[in-house]
Protein chains: 2
Amino acid sequence: MPVGATQDLLKKLDELIYVRKRIKTGATVYHNGNHFHSLYAVKSGFIKTETLHDDGRAQITGFYMAGEILGFDGIATQAHICSAIALEDSEVCVIPLERVENNDNGLHELHHHFYKLMSREIVRDHTIMMLLGSMQSEERLAAFLLNLSLRFQLRGYSANNLILRMKREEIGSYLGMKIETVSRIFTKFQEQGLLEVHQKNILILDMQGLEKIIGQHAANNRPFDKN
Amino acid sequence: MPVGATQDLLKKLDELIYVRKRIKTGATVYHNGNHFHSLYAVKSGFIKTETLHDDGRAQITGFYMAGEILGFDGIATQAHICSAIALEDSEVCVIPLERVENNDNGLHELHHHFYKLMSREIVRDHTIMMLLGSMQSEERLAAFLLNLSLRFQLRGYSANNLILRMKREEIGSYLGMKIETVSRIFTKFQEQGLLEVHQKNILILDMQGLEKIIGQHAANNRPFDKN
DNA sequence: CGGCATCTTGAGTTGGGTCAATGGTCGTGG
DNA sequence: CCACGACCATTGACCCAACTCAAGATGCCG
């Protein structure tokens with residue numbers, strides 16, 4: 001895409017932004033069941049989304065940080081099917097979907113951009129499905145830490161020194177395991193010299209070591225590898 | 001939405017369809033890594049999508065039947081990150097995304113429609129994440145059967161008499177469990193009088209019973225239920 | 001300093017995985 | 001039409017990763 005087009009796109013995106021909103025720790029951006037009207041771009045802070053099942057069970061479906069967009073779940077039924085809750089004081093930009101849809105001045109790039117964003121969300125979800133469906137706990141936590149590391153790095157923070165915004169219980173919910181298991185694996189990784197753990201402060205000592213954790217169980221688990 | 005608009009939308013959708021394509025059992029609609037250009041609407045048949053992890057592990061991320069659209073994963077990077085494979089002889093309509101994006105004649109409903117479709121896919125993925133992350137095997141299989149039943153019913157087939165198009169191994173991959181576990185649970189459900197199982201032919205005898213299976217484990221598993 | 005939430009650790013249990021054998025079903029070719 | 005082989009599904013016995021329950025430890029905030 002030529003630079004000019006990108007500039008236009010960014011300008012157009014800016015115009016779409018209705019208003020900024022501050023969200024205090026623990027407050028919701030939107031709530032399960034709320035009528036849908038807007039998407040939200042995280043400006044700063046850290047936000048989790050969690051779906052509630054009828055029977056009271058909850059599952060965290062994502063953690064969002066600066067530059068990421070949440071709320072796509074609401075478009076289908078015009079109501080949000082999950083709640084978005086700030087894990088620290090955050091700021092979001094409100095993007096009314098109507099403005100995106102009714103954008104009319106020949107800038108097809110805008111639609112392309114949003115299709116791309118939604119596609120990225122779908123790809124991300126598929127990654128989590130693979131994680132939950134075919135990896136063991138240690139692999140899941142390793143993958144989770146590496147993913148966080150990458151995202152922090154992309155935002156100019158240290159790739160090695162992570163400050164987790166969520167508690168163990170929330171990591172567990174996201175990764176499909178119990179809080180005790182999360183805790184034990186942190187301890188194990190620390191004993192193996194992969195990490196140094198101080199509460200929510202994680203120092204990655206051996207990035208390759210973490211990467212090797214993922215896939216270590218793969219040999220036993222290849223459903224369709226018949227070649 | 002007024003009827004007129006819906007008619008226009010349908011007409012416009014028809015125009016978008018580039019060509020129909022027959023896919024034989026076992027053949028791919030698109031393959032992991034293929035360059036992305038189009039979405040595919042299932043016209044008839046049954047199609048699975050599966051992602052491959054670097055280490056050789058595979059995870060089935062969805063089963064698609066008539067009226068459902070696949071391929072959204074490819075938009076983000078212009079390359080498909082999963083493979084779509086027909087489980088029986090199928091027919092798909094090819095929908096080049098460019099035609100959707102460049103649709104220019106004031107029909108904002110078309111974009112809205114595609115946003116909605118993608119949102120639905122995201123919601124569906126979140127449901128699977130909840131399933132994989134916080135349900136036990138019996139609950140997962142029950143939820144899976146009920147979901148299939150509903151989808152068959154919506155297409156005019158029997159809600160009670162399901163003909164599974166996928167094999168046990170594929171159900172297992174989708175639901176994050178081993179083939180032996182799938183088999184054992186089918187047997188158990190049958191012993192409980194919930195189902196009658198003959199190979200790929202499943203007769204649901206007790207729909208409410210199946211629904212009760214889901215959530216039976218919930219009491220022990222409410223991470224954020226503090227009220 | 002006390003009270004509360006969160007995290008860690010231990011001991012015991014279990015759901016589902018692993019391994020291995022058997023049983024069905026279907027398509028093919030004699 | 002039957003026999004064979006390939007593939008798929010079921011079942012049993014055993015095992016282990018992760019869960020449950022319970023007790024402490026740690027840190028945080030008023």
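All chains are named by letter (A, B, ...) in the order of the sequence lines, taking the proteins before the strands, and each is independently numbered beginning at 1. Note that these values count all heavy atoms, side chains included, but never hydrogens, waters or copies made by symmetry.
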A:Glu121 vs A:Arg124, salt bridge (charged side-chain N to carboxylate O under 4.0 Å, His left out): CA-CA, chis, key distance, verdict:
CA-CA 5 Å; A:Glu121 175 94 13; A:Arg124 200 186 58 83; 3.2 Å; yes
With the side chain of B:Lys178 defined as its heavy atoms from C-beta on, choose the nearest nucleotide among C:dG17, C:dG16, C:dT6.
C:dG17
The test is salt bridge (charged side-chain N to carboxylate O under 4.0 Å, His left out); show your working for B:Glu68 and B:Arg155 and say whether it passes.
CA-CA 11 Å; B:Glu68 296 171 336; B:Arg155 282 160 186 79; 3.4 Å; yes
Are the side chains of B:Phe186 and B:Ile202 in touch, meaning some heavy atoms are under 4.5 Å apart?
yes
Over how many whole Å does the gap from A:His217 atom NE2 to C:dG16 atom P extend?
16 Å
A:Gln190 CD to C:dT9 C1', straight-line distance once rounded to whole Å
14 Å
Rounded to whole Å, the CG-P distance (A:Asn201 to C:dC7) equals 13 Å
Side-chain donor/acceptor of B:Asp89 to backbone N/O of B:Lys24, under 3.5 Å:
no
Whole-Å distance, A:Gln216 CD to D:dA17 P, equals 11 Å
What's the CD-P distance between B:Glu138 and C:dG16, to the nearest Å?
7 Å
Flag yes if more than 12 heavy atoms outside A:Tyr157 fall under 6.0 Å of its OH atom; otherwise flag no.
no
Using a cut-off of 4.0 Å on non-hydrogen atoms, how would the nucleic acid contact of A:Gly172 be classed: base, sugar-phosphate, or nothing?
nothing
Whether B:Ser173 side chain and B:Ile60 backbone form a donor-acceptor pair below 3.5 Å:
yes
What is the bend of the helix from C:dC1-D:dG30 to C:dG30-D:dC1 when you compare the axis at one end with the axis at the other, using five pairs each and rounding to 10°?
40°
Whole-Å distance between C:dC7 C1' and A:Lys167 NZ?
12 Å
Ring pair (Phe, Tyr, Trp, His ring centres under 6.0 Å) between B:Tyr64 and B:Tyr40: does it pass, once the steps are laid out?
CA-CA 10 Å; B:Tyr64 297 82; B:Tyr40 302 88; over 10 Å; no
Write down the distance between CE (A:Met177) and P (C:dT8), rounded to a whole number of angstrom.
12 Å
Should the pair A:Phe46 and A:Phe63 be assigned to parallel (<30°), tilted (30 to 60°) or perpendicular (>60°) ring geometry?
tilted
Can you pull out every salt bridge (charged side-chain N to carboxylate O under 4.0 Å, His left out) where at least one residue sits in residues 181-207 of chain A? Sequence neighbours excluded, please.
A:Glu138-A:Lys188
side-chain N/O B:Lys200 vs D:dA9 OP1/OP2, d < 4.0 Å
yes
Taking atom C1' of C:dG15 as reference, at what distance in whole Å does atom CD1 of B:Ile185 sit?
10 Å
Under 3.5 Å, which N/O atoms of the protein pair with N/O atoms of nucleotides 10-12 of chain D?
{"residue": "D:dT10", "atom": "OP1", "partner": "B:Arg168", "partner atom": "NH2", "Å": "3.4"}
{"residue": "D:dT10", "atom": "OP2", "partner": "B:Arg168", "partner atom": "NE", "Å": "2.9"}
{"residue": "D:dT10", "atom": "OP2", "partner": "B:Ser183", "partner atom": "OG", "Å": "2.8"}
{"residue": "D:dT10", "atom": "O5'", "partner": "B:Ser183", "partner atom": "OG", "Å": "2.9"}
{"residue": "D:dT11", "atom": "OP2", "partner": "B:Thr187", "partner atom": "OG1", "Å": "2.5"}
{"residue": "D:dG12", "atom": "N7", "partner": "B:Arg184", "partner atom": "NH1", "Å": "3.0"}
{"residue": "D:dG12", "atom": "O6", "partner": "B:Arg184", "partner atom": "NH2", "Å": "3.2"}

